[in-house]
Amino acid sequence: MTAAAEIVGRALDDDIRVLTRHRPGAEITTVSVWILAGSRDETSPGIAHLFEHLVMQAVPPGRKMRVIDEIESYGGEGNATTARDYVVLYARVPTVDALAVLDLLAEAATANEFDPVLVEAERRVVIEELRLAEADPTDIVHDVFFAAMYGDHPMGRPVGGSPADALRLTAAEVTAWSRRHVRAGRVAVVVTGGVTPAAVTTATARSALAGLSVTHQSARADRPAAEPSRLPIPLPALASGEQSRRLDHPLLGDTAAVVLGGPAFALADPRLAAAEVVMELFAGGNTSVLVEQLRTNLGLSYDIWGDLSGYADTGVWRIAVTTAVEHRDEVARLAVDLVRSAVADGWSDARVAVARRRAAGLVRLDAEASVDETLLLGRHALLGGSAGWSVAEYADRIAAATPQQVHNAAVSMADQLVVATAGG
């Protein structure tokens with residue numbers, strides 16, 4: 001990469017992080033504001049998710065349009081995502097309007113007073129969203145998987161809570177969550193596109209986010225001690241004689257979903273790159289273990305995909321398989337057996353070479369659009385603490401993973417298997 005294309009990080013009074021991936025000449029820029037707290041940081045399930053809905057639909061003081069409407073008025077697209085570790089507000093807009101939209105998203109993120117009428121309306125939208133998810137086995141199965149994986153830990157809760165949880169939420173709870181977590185040290189800006197790093201830093205310093213830094217500076221003398229860092233999460237112990245944990249969610253219909261997975265690596269763990277190659281070998285391309293057997297040879301599924309998720313202090317891998325209800329148990333059993341056999345047998349150096357080349361290529365493909373690179377950069381640089389993280393550097397690490405590193409990662413990942421099903 002040229003120097004102009006490198007990621008540049010800046011800090012506003014050491015409190016608000018700013019990361020810019022400058023793409024000189026890019027006509028489209030993705031602007032995002034990150035709050036480094038998510039569904040695991042809630043007193044009641046669903047607060048962070050409702051906050052995300054509210055701030056995008058609210059009209060900030062002194063403005064005439066809702067946040068999402070103003071983004072669209074620039075000819076852009078806006079959205080927001082709640083995850084276990086963070087909430088992110090983002091917009092993909094013409095570069096010429098990117099700084100104006102950054103100012104808008106900063107106002108949205110720092111909102112902490114909400115119109116009760118809006119709260120009631122968005123709560124109904126959230127309940128409908130969650131209701132639809134609960135009726136879809138291919139959606140709800142991932143909540144079942146995280147419950148099986150993490151048990152009673154907050155990481156095991158559905159990100160959006162349940163419809164019953166959402167029904168109980170109040171405006172006061174959302175305000176309290178916002179005031180606790182939207183503060184200096186837990187808010188950041190990530191921008192990918194045609195805007196220069198200097199322009200992004202200057203715009204951030206003039207935005208509503210600067211007020212968080214000022215408030216933080218004035219409160220330094222009497223602020224509480226720093227919050228303890230998150231520690232690795234102990235997983236629920238397997239029962240005596242168990243080799244894997246399974247959790248089933250009955251659901252009427254003719255489709256079942258099976259998720260097989262287990263513990264992986266946190267975002268800062270150097271083994272994460274090798275785990276990307278393992279996922280390609282498990283359920284990536286057409287010749288991967290599960291695709292080859294469950295789809296091509298046995299015809300038990302049309303839809304098989306894998307995902308590797310790193311968090312600040314933990315990680316999970318999972319493979320999702322959609323099948324007919326009558327094949328649910330067979331698919332679950334075969335998936336476990338296939339993964340265990342593959343790890344026990346290992347892969348040839350030639351097979352690993354193909355897998356790591358494809359895994360590295362997919363990382364680059366996945367970041368081709370500025371919005372996707374922005375979300376990747378935010379997760380790895382902010383949550384993983386990798387200040388110099390870039391797509392190119394990560395792809396190079398994947399491509400450099402040795403067969404032994406890939407084998408070691410696979411052994412660790414298959415050590416404690418978790419199976420979740422929905423449907424049937």
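- Looking at S32, its side chain does come within 3.5 Å of a backbone N or O of V190 through a donor-acceptor pair.
- Cation-pi geometry between R84 and F146 is satisfied (NZ or CZ under 6.0 Å from the ring centre, within 45° of the ring normal).
- Taking the six-membered ring where tryptophan is involved, the planes of Y394 and W389 are tilted, since the angle between them lies from 30° to 60°.
- Neither side chain, S412 nor D415, offers a donor N or O lying under 3.5 Å from an acceptor on the other.
- Partners of E27 by side chain to side chain donor-acceptor pair (under 3.5 Å), not counting sequence neighbours: none found.
- Under a 4.0 Å N-O distance rule, the pair R206/D103 does not qualify as a salt bridge.
- Salt-bridge formation is not detected for the pair K64/D69: no Lys NZ or Arg NE/NH1/NH2 atom is positioned less than 4.0 Å from an Asp or Glu carboxylate oxygen.
- Ring geometry, F282 versus W317: the interplanar angle falls from 30° to 60°, so the pair is classed tilted.
- Annotation: E368, atom CD; neighbour count of heavy atoms from other residues, nucleotides and ligands within 6.0 Å does not exceed 12.
- Judged purely by distance below 3.5 Å, without hydrogens or angles, the side chains of E292 and T287 never pair a donor atom with an acceptor atom.
- Side-chain atoms of E276 do not come within 3.5 Å of backbone N or O of A359 as any donor-acceptor pair.
- Taking 4.0 Å as the cut-off between side-chain N and carboxylate O, E280 and R356 do not count as a salt-bridged pair.
- In this structure, T202 contributes its side chain and A199 its backbone to no donor-acceptor pair below 3.5 Å.
- Using a 4.0 Å cut-off between charged nitrogen and carboxylate oxygen, D396 and R364 count as a salt-bridge pair.
- For E120, the side-chain contact (heavy atoms from CB on, under 4.5 Å) partners are R123, R124, not counting sequence neighbours.
- Donor-acceptor pairing under 3.5 Å is lacking for the side chains of S370 and T192.
- Between the side chain of R328 and the backbone N or O of G423, at least one donor-acceptor pair lies under 3.5 Å.
- Checked by atom type and distance alone, the side chain of T175 pairs as donor or acceptor with a backbone atom of N112 at under 3.5 Å.
- Between E113 and R179 a salt bridge is recorded (basic side-chain N to carboxylate O distance below 4.0 Å).
- When side chains are defined from C-beta on, V419 does not count as touching V259, because their heavy atoms never get closer than 4.5 Å.
- With hydrogens and angles disregarded, a donor-acceptor distance shorter than 3.5 Å links the side chain of S207 to the backbone of L209.
- Between the side chain of E173 and the backbone N or O of T170 there is at least one donor-acceptor pair closer than 3.5 Å.
- You'll find the ring centres of H181 and W34 outside the 6.0 Å limit.
- For Q405 (side chain) and A274 (main-chain N/O), no donor-acceptor pair under 3.5 Å exists by modelled atom type.
- Side-chain N or O atoms of S178 include none that pairs as donor or acceptor with a backbone N or O of V174 at under 3.5 Å.
- Under the 4.5 Å side-chain criterion, counting only non-hydrogen atoms from C-beta, Y150 is not in contact with R157.
- Considering only residues two or more places apart in sequence or on other chains, T323 meets the side chain to side chain donor-acceptor pair (under 3.5 Å) condition with none of them.
- Electrostatic pairing of R131 and E128 counts as a salt bridge here, judged by a charged N lying under 4.0 Å from a carboxylate O.
- In terms of modelled atom types and a separation under 3.5 Å, the side chain of S386 and the main chain of G388 share no donor-acceptor contact.
- At a threshold of 4.5 Å between non-hydrogen side-chain atoms, the residues S162 and E134 count as touching.
- Under 3.5 Å, the side chains of R23 and T29 contain no donor-acceptor pair of N or O atoms.
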